[in-house]
Amino acid sequence: VGRSSLPDGALFLGLDSSTQSVKATVLSNELIIVASETVNFDSELPHYKTEGGVYRDPTDDGRIYSPTIMWVEALELLLEKLKPKINFSKVVAVSGSGQQHGSVYWKKGSQAVLSSLDPGKSLVSQLKDAFSTMDSPIWMDSSTTKQCREVENAVGGALELSKLTGSRAYERFTGPQIRKIYQTAPHIYENTERISLVSSFMASILVGCYASIDETDGAGMNLMDINKRTWSKAVLEATAPDLEQKLGNLAPACAAAGRISSYFVERHQFDKNCFVIQWSGDNPNSLAGLTLNTPGDLAISLGTSDTVFGITAEAKPSLEGHVFPNPVEPDGYMVMLCYKNGSLTREDVRNQCAEKSWDIFNNYLEKTPPLNGGRLGFYYKDHEILPPLPVGFHRYIVENFSDASSDNLKECEVQEFDPESEVRAIVEGQMLSMRGHAERFGMPNPPKRIIATGGASSNESILKLIAQIFGCPVFTVERPG
Ligand SMILES: O=C(CO)[C@@H](O)[C@H](O)CF
């Protein structure tokens, strides 16, 4: 729909269902932000008792998940908070981002529930029994290593799986997660009629039926053939039986999922012609939102996870990193690196070394020298994705940075790192990792420029350090207002 043909006062609603919160941004016809709202899971839905929006299972090493119904309740609360700020009947299109890889398991018979929601009742009251498991595995989970190896072995190895799906098997990817449920809770798997990603789950609620998984977020499952953009029969068979019928058809990321369901028309006064555009993963949508279309540019998203991503004309999957279909260029691809220890790990060091103050944290970054007097640190509060290492804190004194031999690295104790050094070490260690892995993955080296996004991109001290380490200018998206 061309913007010039839109009715006066037309609005666009963007939603973001992420690890710690659900957010809404409302744009005018001129793409100006006219309203925004957030629901933070921990503070505004405290009855779920999540930490950072998640549960960590003490009985199953690495199992990290979120209560599916919490996302439903947060969506409802978000719309209630937004209602006084905008006229929902002016919204001509809704779309959104979902944290990648997270999955939702719709119980048999739930399609009928979803398509006949009573506008006189809440979503929570009608969907609380719609899932075959109330626990949604999410991207922070690292409990499926066994399943990863089984799937890789079944298709000829890690590199073969990467060439087929764009990534070797990763613990957080949805395919290994589905395999674990099939193996450890077969009754749940049997009782599941549809498996959604967080992105297609939210779209399903909005359209009142099961929305397709889009080809870009679908590439984060270790289930989709990256070149054909169809489900890979070989990998589906290696994952779990009768899986394709539970996944439904894939759809292009830029397609319309349908019109908004009558539930939202009658309960929230949306216009019945309001489009719901396919949702996709948070990182692909960041690439789209940043209009990252210049080869040589890189984006760094500093959020709960940290990611580095860029565009490429051809898919060259390898044993590190990920290749996804480009969400806005039908024939192009997106390349990405992901680090689990992002903002939450930086916050931990801030709390322990900088009196819980970003001002003090930033002052330490400003006053300590580049390369930190040889103090190099790698901090894994959670099991790290890249490199795949368990929880642990590793501090080194590097005698000579031009000597890459391991005997040049002397592991040392925390006592040898004063608070200022620890602060620089966590940020420098994270950014040096990104630069090293980006070079090895064939990303631009150095990049022409870096566009920073995500919560921590508002921290100029961190951005300065990124510019020093990558050797290029760093930009952020202009924040309106
Ligand atoms: O796992 C990731 C990407 O592969 C994370 O960036 C999640 O998308 C964060 F929600």
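First listed ligand is number 1; within each ligand, the first listed atom is number 1. As the structure is a computational prediction, the values presented were derived from the model and not from experiment.
For Tyr182, the OH atom sits in a loose shell: 12 or fewer heavy atoms of surrounding residues, nucleotides or ligands are nearer than 6.0 Å.
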Could you list each N/O atom of ligand 1 together with any protein N/O atom closer than 3.5 Å, one pair per line with the distance?
{"residue": "ligand 1", "atom": "1 (O)", "partner": "His101", "partner atom": "NE2", "Å": "3.3"}
{"residue": "ligand 1", "atom": "1 (O)", "partner": "Arg172", "partner atom": "NE", "Å": "2.9"}
{"residue": "ligand 1", "atom": "4 (O)", "partner": "His101", "partner atom": "NE2", "Å": "2.6"}
{"residue": "ligand 1", "atom": "4 (O)", "partner": "Arg172", "partner atom": "NE", "Å": "3.4"}
{"residue": "ligand 1", "atom": "4 (O)", "partner": "Arg172", "partner atom": "NH2", "Å": "2.9"}
{"residue": "ligand 1", "atom": "6 (O)", "partner": "Asn283", "partner atom": "ND2", "Å": "2.9"}
{"residue": "ligand 1", "atom": "6 (O)", "partner": "Ser305", "partner atom": "OG", "Å": "2.7"}
{"residue": "ligand 1", "atom": "8 (O)", "partner": "Gln100", "partner atom": "N", "Å": "3.1"}
{"residue": "ligand 1", "atom": "8 (O)", "partner": "Asp282", "partner atom": "OD1", "Å": "2.8"}
{"residue": "ligand 1", "atom": "8 (O)", "partner": "Asp282", "partner atom": "OD2", "Å": "3.3"}
{"residue": "ligand 1", "atom": "8 (O)", "partner": "Asn283", "partner atom": "ND2", "Å": "3.3"}

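Screening residues 236-246 for side-chain hydrogen bond (donor to acceptor under 3.5 Å, both in side chains) gives Lys233-Glu244 as the qualifying pairs, with residues at least two apart or on separate chains. Residues in residues 43-59 take part in these salt bridge (Lys or Arg N to Asp or Glu O under 4.0 Å) pairs, two or more places apart or across chains: Glu44-Lys81, Arg56-Asp382, Asp57-Arg63. For residues 425-449, the pairs satisfying side-chain hydrogen bond (donor to acceptor under 3.5 Å, both in side chains) are Asp297-Arg449, Glu320-Arg440, Tyr339-His437, Arg346-Gln430, Arg424-Glu428, Arg435-Glu439, with sequence neighbours left out.
The CG atom of Leu13 lies 15.5 Å from the CZ atom of Phe275; values are rounded to the nearest 0.5 Å.
In summary, Lys464 and Glu460 do not engage in a salt bridge, as defined by a charged side-chain N under 4.0 Å from a carboxylate O.
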